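Small disclaimer: the values here were computed from a predicted structure and weren't measured. Sequence lines set the chain letters: A, B, ... in the order given, protein chains first and strands last, and positions in each chain run from 1.
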Amino acid sequence: MTAAVIVALRVGVSPDVAFTAFTRDIGTWWKSHPLFQLSRKGDGALRFDPAGPGGRLVTRFDDGKEWEIGAVHHWLPGERLAFGWRLPSFKAGQTTEVDVRFETVGDATRVTVEHRGWDGIPQKHVARHGFELMLFQRRLGEYWRELLKEMKTGF
Amino acid sequence: MLGALADPKRRRAIELLGERPRSAGELAGELGLAPPAMSRHLRALKEGGLVEDGHPAFDARVRIYSLKDGATAELKQWLAETEALWSHQLAAFKTHVEGGA
């Protein structure tokens with residue numbers, strides 16, 4: 001079974017600026033969240049290496065070890081960025097895909113992240129944070145409220 | 001099933017069906033939707049492979065919707081966690097890019 005998560009946000013810059021900042025500065029803007037860490041070692045410092053088509057999204061952990069999150073599949077500056085997404089906790093062969101779109105909305109840009117391709121990643125992996133279901137649902141509610149608020153401000 | 005979960009009502013329907021199977025009427029009532037709108041959402045969820053329908057043994061006239069595969073607790077968890085992750089990261093990105101960095 002496959003599934004998709006779609007999260008969108010409006011940013012007050014042009015698509016080109018947004019794309020450049022998204023790719024070039026990912027090591028800066030990506031903020032590790034204690035509840036949604038990419039690995040037990042944290043998130044590390046992310047980068048597109050090399051930047052451009054044919055590159056990879058890589059993270060470097062504090063201990064110096066690197067992990068390839070995924071290969072870049074689409075690199076269209078100002079328009080679209082797509083890359084594979086595998087975490088250290090995934091089993092061999094399990095992968096997901098992230099597709100980021102940059103669209104002009106007035107004098108701003110809507111950035112849409114679509115994360116898809118769930119294929120039965122074992123629960124002990126995805127649920128390794130030991131979340132209570134209720135906590136998830138509350139977070140989900142918070143998320144939708146946040147998103148709707150964003151939409152109201154001209155999304 | 002791209003987009004099948006882009007709608008908050010559908011997400012809520014998935015959450016409700018995660019608790020237990022329900023009829024379309026029950027779901028419509030809980031979501032505050034008119035029956036035609038509910039049918040449309042359920043059709044999208046069915047086509048997306050998330051939901052299936054069937055008849056209870058005692059009454060072939062009743063159509064009951066449930067989550068498919070029984071793998072849905074994991075799926076729901078993955079969806080929730082992935083959404084929370086990107087929601088958090090995109091907010092961080094917005095702060096960064098609008099800060100003139």
For the atom pair CG (L85(B)) and CD (Q37(A)), what is the distance rounded to the nearest 0.5 Å? 11.0 Å

What distance separates D25(A) CG from F93(B) CZ, expressed to the nearest 0.5 Å? 8.0 Å

Can you tell me if D63(A) has over 12 outside heavy atoms packed within less than 6.0 Å of its CG? yes

Chain B heavy atoms under 4.5 Å from T20(A): which part of the residue, side chain, backbone, both or neither? neither

Please output the side-chain donor-acceptor pairs of residues 21-39 of chain B that fall under 3.5 Å, not counting sequence neighbours, one pair per line with the distance.
unit_1 : atom_1 : unit_2 : atom_2 : d
R22(B) : NE     : E30(B) : OE1    : 2.7
R22(B) : NH1    : L16(B) : O      : 2.6
R22(B) : NH2    : E19(B) : OE1    : 3.3
R22(B) : NH2    : E30(B) : OE2    : 3.2
S23(B) : OG     : E26(B) : N      : 3.1
E26(B) : OE1    : S23(B) : N      : 3.2
E26(B) : OE2    : R20(B) : NH1    : 3.0
E26(B) : OE2    : R20(B) : NH2    : 3.0
S39(B) : OG     : P35(B) : O      : 3.0

Are V58(A) and L46(A) connected in a single hydrophobic cluster, I mean Ile/Leu/Val/Met/Phe/Trp/Tyr linked by side-chain heavy atoms less than 4.5 Å apart? no

Applying a strict 4.5 Å limit to non-hydrogen atoms, the region of D99(A) in contact with chain B is neither

What's the spacing between H96(B) NE2 and F22(A) CZ if we round to 0.5 Å? 11.0 Å

Could you go step by step and tell me if D43(A) and Q89(B) meet the side chain to side chain contact (heavy atoms under 4.5 Å, CB included) rule? CA-CA 12 Å; D43(A) 287 12; Q89(B) 295 303 345; 4.1 Å; yes

If we ignore hydrogens and angles and just use 3.5 Å, is the side chain of H88(B) paired with the main-chain N or O of K31(A) as donor and acceptor? yes

Quick one: does any side-chain atom of E83(B) pair with a main-chain N or O of V5(A) as donor and acceptor, under 3.5 Å? no

For K65(A), does the NZ atom have more than 12 heavy-atom neighbours from other residues, nucleotides or ligands under 6.0 Å away? no

Residues W29(A) and A92(B): closest non-hydrogen pair is O-CB, 3.3 Å

Is there a continuous path of hydrophobic side-chain contacts, each under 4.5 Å between heavy atoms, that joins I64(B) to L17(B)? no

When the 4.5 angstrom heavy-atom criterion is applied to V98(A) and chain B, the contacting part is side chain

L90(B) and L9(A): which non-hydrogen atoms are nearest, and at how many Å? O-CD2, 2.9 Å

Minimum heavy-atom distance K94(B)-R10(A), with the two atoms named: NZ-O, 2.6 Å

Shortest non-hydrogen contact from A18(A) to V97(B)? CA-CG2, 4.3 Å

In this structure, would F61(A) and I69(A) fall into the same cluster of hydrophobic residues linked by side-chain contacts under 4.5 Å? yes

